[in-house]
Amino acid sequence: MKVKYTLIKKDKNTQGRLGTIKTNYGTFETPMFMPVGTQATVKTLSPEEIKALDAGIILANTYHLCLRPGEDIIAKAGGLHKFMNYNGPILTDSGGFQVFSLANPKDITEEGVTFKSHINGDKLFLSPERAIEIQNKLDSDIAMCFDECPPASADYNYMKASIERTLRWAERCQKAHHNPQQSLFGIVQGGYFEDLRKYSATQTVKMNFDGYSIGGVANDNESKENMYQAIEYSAPYLPKDKIRYLMGVGDPIDIIEGVIRGVDIFDCVIPTRLARHGHAYTKRGKINILNNKYKEDFTPLDECNCYTCQNYTKSYIRHLIVANETFGSRLLSIHNLNFLINITKEIRTAIKEDRLLEYRDNFKELYYGKDKT
RNA sequence: GCGGUAUUGGUGAAGUGGUUAACACGCCAGAUUGUGGCUCUGGUAUGCAUGAGUUCGAUUCUCAUAUAUCGCC
């Protein structure tokens, strides 16, 4: 069956939405943050640890999995869920972003994209049909359309031509899609151009996808204001009874601002990448556990109910990261993912009580300190 | 005891009679937004064993001392 979104309640003062998503692998509440498991694993975590975080859904990647181990092997294993022993909902990204962000040289034609494998330099080709074929075989719960993800700095004419092509590719994706157990989401692009975002959104919605995502807002080093603006240009044109997914966004404050603008789900590599590099989120801002001041700090990372904070100290985690022990990355990954998922939990409560804006202001005051906002 | 060689930051070391003493590791700090899993960017010796001398100028040349190391008795 296709995923089913149910809107439970809207925040009175914002576009914030409380809802549920029903899938073949269970139902979860939204807003929700999706941990990223590019290569069929959320780096350093076991499926049991992911489940313990109350992660409603995780993300895996078409590009990486078709290169290695190959979608046929995963299909032979019985699909992605069985292959990785994860029996919760999984969304697969189409590979569109990776082709543009890390495979080069880029040779983009109407037919698709020719690129070199980052693993061994093999010349490969990804098209809408191919991206869907792979995702059908992976048998994820939600597949994404294969889109072009141009840099936010692209000029108006390039962006316009690009979203037209992404729309044509979206139609091809829909035609190629043959897995009745799998939903397919369309992707809105258009950079920071209001009319292009509106056009991309309305045209994509006309195709009647199972859900919609907003892409292209987390590519460059753009300002947060631009990002929020791009969401505001897109979200109002998306149907109320379908999921809205903001791709690649996961800074704590960006999640809150995204929900305020009507987004339901997010994904981002940043909590796990920061963890591997020794950073931890706390209610009072991001900390670098490598800092000397934590050397003899025998308190937990934060006031927090996660496995890491219940059992380990900053001093110990710092030692592990300094010594390059993988258990350190794991403890920080658990904490950082728990932190973001917990934010979505607090957001849901705030929407129930119509105080999402108040929640945001309180969060910012504590997270950034009183001086900055 | 005699003779040789050496002594540069936390570590391993490069180097020159003359502006800011290379590089690496470490250390300190920062970055990271649909993940190429140990990445990227900064900072980090006011001083070249100590003392004296030669010189316009010495970490670089000379002498003494200390320490280390090798060889010989």
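Not measured: the values here are computed from a predicted model. Proteins get letters first, then strands, A, B, ... in listed order; numbering begins at 1 in each.
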Legend entry - Between A:Gln229 and A:Tyr192, a side-chain donor and acceptor under 3.5 Å: no
Legend entry - B:rG12 versus B:rG51 - spacing of their C1' atoms, nearest Å: 29 Å
Legend entry - Parallel, tilted or perpendicular: rings of A:Tyr316 and A:Phe327 (30°, 60°): perpendicular
Inset, instruction - Name the closest nucleotide to the A:Gln39 side chain, picking from B:rC28, B:rU33, B:rG37. - result: B:rG37
Legend entry - Residue closer to the 5' end of RNA chain B, A:Ile321 versus A:Gly216 (nearest nucleotide): A:Gly216
Legend entry - Minimum-distance nucleotide (side-chain atoms of A:Lys286 versus B:rG37, B:rA31, B:rC27): B:rA31
Inset, instruction - Mind running salt bridge (charged side-chain N to carboxylate O under 4.0 Å, His left out) on A:Arg284 and A:Asp302 for me, showing each step along the way? - result: CA-CA 9 Å; A:Arg284 294 177 186 280; A:Asp302 202 7; over 6 Å; no
Inset, instruction - Within residues 287-299 of chain A, find the residues that approach RNA chain B with a heavy atom at under 4.0 Å, and present them sorted by residue number. - result: A:Asn288, A:Leu290, A:Asn291, A:Asn292
Legend entry - Stretch residues 270-282 of chain A: residues that reach within less than 4.0 Å of RNA chain B through a heavy atom: A:Ile270, A:Thr272, A:Arg273, A:Leu274, A:Arg276, A:His277, A:His279
Legend entry - Identified side chain to side chain contact (heavy atoms under 4.5 Å, CB included) counterpart of A:Tyr245 within the set A:Ile214, A:Ile142, A:Leu238, A:Leu91: A:Leu91
Legend entry - Distance, C1' atom - from B:rA58 to B:rU19, rounded to whole angstrom: 16 Å
Extract from the structure each pairing of a protein N or O with an N or O of nucleotides 41-44 of chain B at less than 3.5 Å, listing the distance.
none

Inset, instruction - Calculate the interatomic distance between A:Ile343 atom CD1 and B:rU33 atom C1'; express it in whole Å. - result: 14 Å
Legend entry - Toward the 5' end of RNA chain B, by each residue's nearest nucleotide, A:Ser329 or A:Ala60: A:Ala60
Inset, instruction - Write down the distance separating the C1' atoms in B:rU39 and B:rU50, rounded off to the nearest Å. - result: 45 Å
Inset, instruction - Kindly state which residues belonging to residues 247-261 of chain A come within less than 4.0 angstrom of RNA chain B, counting heavy atoms of the residue only, listed by number. - result: A:Met247, A:Gly248, A:Val249, A:Gly250, A:Asp251, A:Asp254
Inset, instruction - Look at all strands and tell whether A:Gly95 reaches a base, only sugar-phosphate, or nothing, counting heavy atoms closer than 4.0 Å. - result: nothing
Inset, instruction - Take atom P in B:rG57 and the same atom in B:rG18, then report the distance between them in whole Å. - result: 14 Å
Inset, instruction - Select base, sugar-phosphate, or nothing to describe what A:Glu325 touches, counting heavy atoms under 4.0 Å on all strands. - result: nothing
Legend entry - Paired and unpaired positions of RNA chain B as dot-bracket, Watson-Crick or G-U wobble under 3.5 Å, | denoting a partner strand: (((((((..(((.....[....)))((((((.......))))))....(((((..]....)))))))))))).
Inset, instruction - Hey, can you tell me if A:His81 and A:Tyr25 have their rings parallel, tilted or perpendicular (30° and 60° cut-offs)? - result: parallel
Inset, instruction - Using a heavy-atom cut-off of under 4.0 Å over every strand shown, decide if A:Ser213 touches base, sugar-phosphate, or nothing. - result: nothing
Inset, instruction - State, yes or no, whether a side-chain contact exists between A:Leu53 and A:Glu49 at a heavy-atom distance under 4.5 Å. - result: no
Legend entry - Nearest-Å distance once atom C1' is located in both B:rG26 and B:rG9: 11 Å
Inset, instruction - Keeping to residues at least two apart or across chains, list the salt bridge (charged side-chain N to carboxylate O under 4.0 Å, His left out) pairs with something in residues 268-277 of chain A. - result: none
Legend entry - Gap in Å between the two P atoms, one belonging to B:rU46 and one to B:rU11, rounded: 14 Å
Legend entry - Presence of salt bridge, A:Lys283 and A:Glu303, under 4.0 angstrom: no
Legend entry - Atom-to-atom span, NE2 of A:His64 to C1' of B:rG37 - whole angstrom: 12 Å
Legend entry - Whole-angstrom distance between B:rA13 and B:rG71, as gauged at atom C1': 27 Å
Inset, instruction - Decide whether A:Tyr233 and A:Asp195 meet the rule of one side-chain donor and one side-chain acceptor closer than 3.5 Å. - result: no
Inset, instruction - Using the P atom as the reference point in each nucleotide, state the distance between B:rU62 and B:rA24 in Å, no decimals. - result: 32 Å
Legend entry - Nucleotide B:rU33, atom C1' - distance to CE of A:Met34 in whole Å: 13 Å
Inset, instruction - Measure up the A:Tyr212 and A:Phe209 rings against each other and bin them: parallel (under 30°), tilted (30 to 60°), perpendicular (over 60°). - result: perpendicular
Inset, instruction - Could you check whether A:Asp147 gets within reach of a base, just the sugar-phosphate, or nothing at all, counting any heavy atom under 4.0 Å? - result: base
